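One structure is given below, encoded as structure tokens.
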Amino acid sequence: MVILISNSFNVFGQDPKAGKIIFSGERIQPMSTFLYSAADAIKKLFGSIINHFRRDLAPGRRANFFSRYIIGLSIFYYEILFKLSTTKTPYGIAIVYILLFSLAFGLIGTLLTTFFKPSVNRTIRRYIILALMFPYGIEYFVYRQFKTFYDLKTVTNGAGGVITGFFGHILKLIFSPSGLLHVFLLLLPYLVYIYLIMHHDPAKRTSWRRKLSVLITLVIMWFAAWVLIMANSKYRRIYSKEYNFQSAVSDFGLLTGIRLDIKRSLFGGSSISFDPEDSSSQGGIIINPGTNESSGETETETEAETEKVYGKNELDIDFAELAENSSGTNADMDAYLATLTPSSQNEYTGLFEGKNLIMITAEAFSGDIIDEELTPTLYRLANKGIQISDYIMPATAGTTGGEFEHIFGMYPMDGGASMMDTLNYTNLMTMGSQLSRLGYYGKAYHNNDYTYYSRDLTHFNLGYSDGYMGYGNGMEEYVTAQWPESDLEMFEGTVPTYINKQPFNIYYMTVSGHSNYSYASNAMAKKNWDKVAYMEEEGVSEAVTAYYACNLELENALTYLVDELEKAGIADDTVIVITADHFPYGLDDDAALGHMPYLSELYGYDVTNYLQRDHNRLIIWSGCLEDMDPIVVDTPVSVIDILPTLSNLFGTEFDSRLFPGRDIFSDAEAIAFNTARDWKTEKGTYIADTGEFTPNDPNEEVSDEYISRIRSIVNNKLSFMYGFVATDYYEHVLGDYDWKTLKPAYTEPETEAPAETESETETEAAD
């Protein structure tokens, strides 16, 4: 360990010719004489730490070493075990960060156990070591269930209880052979301390000088980790401005990820920052080449042909003026939006004006199951609607995160608490609210527990005129209690209740596609097994076969829905939109990127990054599209593009600057990205974890300036989304807005009472 620390600390050097300090092989800006002295002092501090370790490891003093570092070494063990059990990624320099932070955290525990007599100090140390296993254990089993790290708010707040909602599933994981082995490995530091070290741990009540020594060592280790991180451009961004919980846990360890998460929750919302963007991008919006914005005429205009001039999707809002009269986060967001150019309307603006809308968030749906013979309705909707070939649905905070993305057109930057954050917000730009302003009937449905993720609270504030129904406040009348429940039963029960209330605006959150994926444990897989039994005979795994089978219930539900729309003669006047909430994480029991055999089997390729993992299929269909020429979108699209795209298609009043996504038919630059800051454009794909950009055309040279510009745009959009969940921003901007197309709220059509028959009149008279 001493050798490891010595080698790791030996990253400081001076390049006399360049007049620069080198950190980890990376040159940074010229430093003053003062900073040279500081660097020299840091080297001496590192040397003092190593010498201190050597002294404590000398014969006769090793008990002092373990007394001081036993908690930190236990944390380091937990971190290594956690990383090996989850991400399975190589360590590199990250192991040094994790080691230093682990020892620093441990020294905090050491300080707490120097104030009492030895027996009490040993007891406190023992229980600190025991208590530390719980965050690692909880996060490990959550990761095994959901295949992503859940921040504190997602675990504890989870808008209804991520842990409690799937407690049965997690119990099965815990009491599986691998789960029990992991519990034992988590207990190991506690057992080792009790049986091998405790009676040899002096655990003395120490002097203030000794306490100060521990405190100084703690600060030096913390500072050393910080310096090493700041010296590396990739890790510096993740640790500070480009922080996200997934990367922080992977690169700095779970405890540091939690610490940064708490810091962001407590202080991050008070001030957000935006990067300057290249003016040629118009704040992320590219003006169509060859268009003269002042005259609306093309440079190649002829007398015989004039290009149609479209207006902008914007509201009468002066963001610059708002910024001058606001403060804090709202002012920062106002100033940012003032730099953007609204996107243009286009030939598809108002294509769906006045039509009905049915939005579906399909549980764990993957477009890879779409097959002309096995899923003919899904195939029809996907291929005879708007064809979107390059779509990502980032997995963020489980199902509630996926719903948030679809409904708000934002990523849930506050994790699983994001939906709850909006509970008392003025949610004026959801499709529920936009179409309610146009007099639509609206309702949201879910065929599982209506209180899960606190939908009984949040979903009554999404703008749907008739609120929300789930299992427990009405859906039980239609849906059988089983796991998972039937999407077909939900549609059969609910469609008749709104099909005659036109125009209607309906939202469904389905559940039939949920894990676990096996014949025995999934009621929908068992119900539809006969249709997919041939797959196992062809060598398809049981997990993937069961996944197909349970998703056939969604196919059955959609078949029923389309049939009913056609019977009512309103298929051409109804729009169906389908996206997933996340990738099918339940396929692989214990998985990480590069180690997802069943997901890779479903996709047909090895899944090695988030963009590959989260690729999917977005369906936008209406009967009216089937007789039109195919509408093909081959630019990168993400889930946050759905809301601005639908707003444009339905011709509603909206301001494109208020959406971090884009109307996919507009002149806005196509950038599909996720919260880890991976992105793809028409020029290529950027993976933030490696810092590598891969051009779509190997022969095209893409400049560093282009990559830097897109990174800035992505950072700004994520900052805006963080500000959105931190403040009721739409109330600030739109609270007093005068909507020009506001219509009376939907009212039930009056129906005449049936005329009484002669026999009925005679009966009443007899009574």
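No experiment lies behind these values; they were computed from the predicted model shown.
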Side-chain touch Ile258/Ile262, heavy atoms, less than 4.5 angstrom: yes
Crowding at OH, Tyr127 (>12 non-hydrogen neighbours, <6.0 Å): no
Side-chain (Asp251) to main-chain (Ile238) donor-acceptor, under 3.5 angstrom: no
Contact summary for Tyr77 and Pro189, nearest pair of heavy atoms: CD2-CG, 3.3 Å
Validation row: Val540, Tyr548 side chains within 4.5 angstrom (heavy atoms): no
Under 3.5 Å: donor-acceptor pair, side chain of Thr256, backbone of Gly253: no
Atom of Ala688, atom of Ala676 and distance for their closest heavy-atom approach: CB-O, 3.3 Å
Leu618 and its side chain to side chain contact (heavy atoms under 4.5 Å, CB included) partner, picked from Ile578, Asp641, Val577, Val639: Val577
No-hydrogen, no-angle side-chain donor-acceptor test under 3.5 Å, Thr361 and Tyr507: yes
Sidechain-backbone polar pair: Tyr605 side chain, Gln612 backbone, donor-acceptor under 3.5 Å: yes
With Glu403 via salt bridge (Lys or Arg N to Asp or Glu O under 4.0 Å) - residues at least two apart: Arg455
Intermediate values then yes/no, side-chain contact (heavy atoms from CB on, under 4.5 Å), Leu103 and Leu99: CA-CA 6 Å; Leu103 294 177; Leu99 174 62; 3.9 Å; yes
Output field: ring centroids Tyr136/Tyr143 closer than 6.0 Å: no
Beyond-backbone contact of Leu191 with Phe184, side-chain heavy atoms, under 4.5 angstrom: yes
Cation over ring face, Arg259 and Phe101, 6.0 Å, 45°: yes
Distance, nearest 0.5 Å, that separates CD of Glu79 from CG of Leu132: 9.5 Å
Exercise: do Ser247 and Ser250 side chains pair donor with acceptor under 3.5 Å: no
Verdict with supporting geometry, Asp390 and Lys680, salt bridge (charged side-chain N to carboxylate O under 4.0 Å, His left out): CA-CA 10 Å; Asp390 189 359; Lys680 59 196 317 188; 3.0 Å; yes
Exam field: side chain Tyr547 to backbone Ala364, donor-acceptor pair closer than 3.5 Å: yes
Which residues share a salt bridge (Lys or Arg N to Asp or Glu O under 4.0 Å) with Arg125, sequence neighbours left out: Asp201
Exceeds 12 heavy-atom contacts within 6.0 angstrom, atom OH of Tyr193: yes
Worked verdict on Thr451 versus Asp449 for side-chain hydrogen bond (donor to acceptor under 3.5 Å, both in side chains): CA-CA 5 Å; Thr451 66; Asp449 182 1; 3.0 Å; yes
Asn616 side, atom CG; Phe583 side, atom CZ - distance, nearest 0.5 Å: 11.0 Å
Spatial distance of atom OG1 (Thr690) from atom CG (Asn609) [nearest 0.5 Å]: 8.5 Å
Heavy-atom side-chain contact between Met393 and Phe365 under 4.5 Å: no
Under 3.5 Å: donor-acceptor pair, side chain of Thr113, backbone of Gly109: yes
Close side-chain approach of His615 and Tyr603, heavy atoms under 4.5 Å: yes
Distance (rounded to the nearest 0.5 Å) between Ile129 CD1 and Leu188 CG: 11.5 Å
Sidechain-backbone polar pair: Arg236 side chain, Met230 backbone, donor-acceptor under 3.5 Å: yes
For Ala546 against Trp529, the heavy-atom pair lying closest together: CA-CZ3, 3.6 Å
Trace of the side-chain contact (heavy atoms from CB on, under 4.5 Å) decision for Leu718 with Phe673: CA-CA 10 Å; Leu718 289 169; Phe673 62 96; 3.9 Å; yes
Close aromatic pair by centroid cut-off 6.0 Å: Phe105 and Trp222: yes
Side-chain donor-acceptor contact under 3.5 Å, Ser541 with Glu601: yes
Candidate pair Leu587 and Met596, rule side-chain contact (heavy atoms from CB on, under 4.5 Å), full reasoning: CA-CA 8 Å; Leu587 275 172; Met596 294 181 164; over 6 Å; no
Minimum heavy-atom distance between Met413 and Thr675, given as atom pair plus value: SD-CG2, 3.9 Å
Any donor-acceptor N or O pair under 3.5 Å, side chains Ser486, Glu553: yes
Full working for side-chain contact (heavy atoms from CB on, under 4.5 Å) between Tyr445 and Met490: CA-CA 8 Å; Tyr445 297 101; Met490 173 169 65; 4.2 Å; yes
Thr608 and Asp606 side chains, donor-acceptor separation under 3.5 Å: no
Point-to-point distance, once rounded to the nearest 0.5 Å, from CD of Gln246 to CZ of Arg677: 12.5 Å
Donor-acceptor side-chain pairing of Ser74 and Tyr190 below 3.5 angstrom: no
Aromatic ring proximity, centroids under 6.0 angstrom, His446 and Tyr471: no
Side chains of Asp368 and Ser366, donor plus acceptor under 3.5 Å: yes
Under 3.5 Å donor-acceptor, Asn461 side chain and Leu423 backbone: yes
Heavy-atom donor-acceptor pair, Asn528 side chain to Met524 backbone, under 3.5 Å: yes
Side-chain (Thr430) to main-chain (Leu462) donor-acceptor, under 3.5 angstrom: yes
Nearest-0.5 Å distance that lies between atom CE in Met509 and atom CE in Met359: 12.0 Å
Heavy-atom closest pair, residues Met420 and Leu457: CE-CD1, 4.3 Å
Donor-acceptor side-chain pairing of Asp487 and Asn447 below 3.5 angstrom: yes
Parallel, tilted or perpendicular: ring planes of Trp679 versus Tyr686, cut at 30 and 60 degrees: parallel
Leu378 side chain near Ile619 side chain, heavy-atom distance below 4.5 Å: yes
Between Glu363 and Thr399, a side-chain donor and acceptor under 3.5 Å: yes
Aromatic ring proximity Phe82/Tyr78, centre distance under 6.0 Å: no
Main-chain N/O of Asn516 paired with Asn522 side-chain donor or acceptor, under 3.5 Å: yes
Note, Ser638 side chain near Tyr411 side chain (heavy atom, < 4.5 Å): yes
Closest approach of Asp456 to Tyr468 (non-hydrogen atoms, all atoms of both residues): N-CE2, 4.0 Å
Tyr610 side chain reached by Ile687 side chain, heavy atoms, under 4.5 Å: no
